[in-house]
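Computed from a predicted model, the values in this text were never measured in an experiment. Here is how names work: the chains are called A, B, and so on, in the same order as the sequence lines, proteins then strands, and each is numbered from 1. Values below: all heavy atoms of this structure, side chains included; hydrogens, waters and symmetry mates excluded.
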Protein chains: 2
Amino acid sequence: MKMSTKGQYSLRAMVALAQVQQNQEEGMLSISQMAKQTGVTVRYLEKLLRSLKAAGLVETTRGAAGGYRLAKPAECITVGQVLQVGEGRLEPVECIQSDGRPCDRKKSCAIQYVWQRISESIHQVIDEMTLKEVASQTPDENQSVI
Amino acid sequence: MKMSTKGQYSLRAMVALAQVQQNQEEGMLSISQMAKQTGVTVRYLEKLLRSLKAAGLVETTRGAAGGYRLAKPAECITVGQVLQVGEGRLEPVECIQSDGRPCDRKKSCAIQYVWQRISESIHQVIDEMTLKEVASQTPDENQSVI
DNA sequence: CTAATCACGACTAAAACAGTAGGAATTAAA
DNA sequence: TTTAATTCCTACTGTTTTAGTCGTGATTAG
C-alpha cells in the first residue's frame with residue numbers, strides 16, 4: 001500500500017511546473033531543469049512526462065528553448081488526476097473499482113465496506129486538493145511528522 | 001497503491017474469526033474451515049495466520065480439534081492493526097513514516113503535505129473501525145459501488 | 001548548421017508478490 | 001497406543017511489478 005515512484009515523481013514534476021506558473025505566466029520548464037529541482041533523472045522524467053502529456057495534463061513545445069507547461073491553470077488540476085496517471089486507479093482493491101471485475105464473493109462480502117470507506121477517504125483528499133494549493137504550501141518545520 | 005492479498009486475506013480470516021465469536025463465545029475455527037469461508041488456500045492461510053499470531057492478534061490450540069480464535073474481543077481489534085500485519089506500515093510513502101528515513105528533500109518539500117493528509121485520512125478510517133463493526137456489516141445490494 | 005530539446009519503443013536488473021512444498025510437533029479420540 | 005486432525009517451521013519458486021536505462025529519431029531557435 002505504497003505510492004510508487006511514478007506517482008511520487010510525477011507529482012514532483014507537476015508541482016515544479018505549477019510553481020513556475022505561479023511566478024511567470026507562460027513560463028516553460030525543460031526536463032533538465034525539472035531534473036535538478038526534483039532529483040529525478042532526465043531519462044525517467046522524460047518517460048513520466050510523456051504519460052502526463054498523453055493524459056492531457058501538460059503541454060509541450062519542441063526544439064531548442066522548448067519545454068513543458070501545465071495544460072490548465074494549477075487550480076484546475078487535482079493531485080488525484082496526477083496520481084492516477086502514475087498509479088492507475090487509486091482504489092485500494094480491484095473489486096470495488098467501476099472498471100474492475102467484482103470478485104465472486106461480492107454479494108456476501110462484509111469487507112467491501114472497509115475498502116469503500118478507505119477509498120472514499122482517499123478520494124476526498126486528493127480530488128479536492130489542487131496543484132495550486134500544493135505549490136503554495138510552505139513546509140512547516142514544527143509540524144509533527146506522524 | 002493497492003492492498004496486497006496478504007492484507008486482504010488476513011482481514012478475511014480475522015473477520016471470519018470475529019463472526020464465530022459473535023455466535024458462540026470461545027469457539028475455535030480451523031484453517032480448513034477458514035479456507036472454505038474465505039476462498040483462500042489452506043497453505044497460504046496457514047502462513048498468514050502465523051504472522052497474525054506473532055502479532056498477538058490470534059491465539060491457537062494445537063492438535064486435533066484445535067484451531068484459531070481472536071486473542072481479544074472483536075471490538076478491541078481494529079482493521080488497521082490487521083492490515084498492518086499483512087502490509088507493513090500503511091503510510092503512502094516512506095519519507096513520512098516515523099521509522100522510515102526522511103528523504104533529503106524533506107526540508108523544502110511541499111509535497112509531504114499531500115502524503116500527510118492522505119495518511120491521516122486513511123488512518124482515521126482503519127484505526128477507528130473494529131472487527132466487530134465489520135463482522136456485523138451486511139452488504140447492501142443497493143449501495144453505489146464507486 | 002548546430003545545439004538543445006522533446007518523442008518513441010525496446011530492453012533489463014532487481015524487488016515484491018503470491019503462493020507451494022515437505023515435514024515436524026501436538027493432541028483428542030478410537 | 002495408534003490414528004487422524006491439526007498447528008508449526010523453514011525453505012523454495014514462478015510470475016509480475018517496479019524502477020529505471022538506452023539508442024535513436026524528430027523538431028526548432030539561433
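- A salt bridge does not link Arg117(A) to Glu120(A): none of the charged side-chain nitrogens sits closer than 4.0 Å to a carboxylate oxygen.
- A single hydrophobic cluster is seen to contain both Tyr113(A) and Ile126(B), as judged by linkage of ILVMFWY side chains at heavy-atom distances under 4.5 Å, directly or through other members.
- A salt bridge is absent between Lys53(A) and Glu59(A); no separation between the charged side-chain nitrogens and carboxylate oxygens falls under 4.0 Å.
- Contact between the side-chain N/O atoms of Tyr9(B) and the OP1/OP2 oxygens of dG19(C) is found at a separation under 4.0 Å.
- At the phosphate of dA7(C), OP1 or OP2 sits under 4.0 Å from a side-chain N or O atom of Thr60(A).
- Proximity of Gln84(A) to Thr78(A): side-chain heavy atoms (C-beta onward) are nowhere separated by under 4.5 Å.
- Among the heavy atoms of the strands, none lies under 4.0 Å from Leu49(A).
- If you walk DNA chain D from 5' to 3' and mark each nucleotide with an atom closer than 4.0 Å to a heavy atom of chain B, the marks span dA5(D) to dT10(D).
- When the C1' atom of dC17(C) is taken as reference, atom CG of Leu48(B) falls 12 Å away, rounded to whole Å.
- More than 12 heavy-atom neighbours from other residues, nucleotides or ligands sit within 6.0 angstrom of NZ on Lys72(A).
- Separating the CD1 atom of Ile31(B) from the C1' atom of dT26(C) is a distance of 14 Å, rounded to the nearest angstrom.
- Residue Lys2(A) contributes atom NZ, which lies 18 Å from atom P of dA15(C) at whole-angstrom precision.
- Side-chain N or O atoms of Lys2(B) include one that pairs as donor or acceptor with a backbone N or O of Glu91(A) at under 3.5 Å.
- Straight-line distance from the NZ atom of Lys53(A) to the C1' atom of dC8(C): 12 Å, rounded to whole Å.
- Side-chain contact between Leu11(B) and Trp115(A) is present, with at least one heavy-atom pair separated by less than 4.5 Å.
- Along DNA chain D, the nucleotide closest to Thr61(B) and the one closest to Ser4(A) are compared, and the more 5′ of them pairs with Thr61(B).
- By the 4.5 Å heavy-atom criterion applied to side chains, Leu83(A) and Gln8(A) are not counted as neighbours.
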Polar pairs (N or O, both sides) under 3.5 Å between protein and nucleotides 20-25 of chain C?
unit_1  : atom_1 : unit_2   : atom_2 : d
dT20(C) : OP2    : Thr41(B) : OG1    : 2.9
dG22(C) : N7     : Arg43(B) : NH2    : 2.4
dG22(C) : O6     : Arg43(B) : NH1    : 2.7
dA25(C) : N3     : Arg62(B) : NH2    : 3.2

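- Looking at heavy atoms from C-beta onward, Arg69(A) lies out of side-chain contact with Val20(A) at the 4.5 angstrom threshold.
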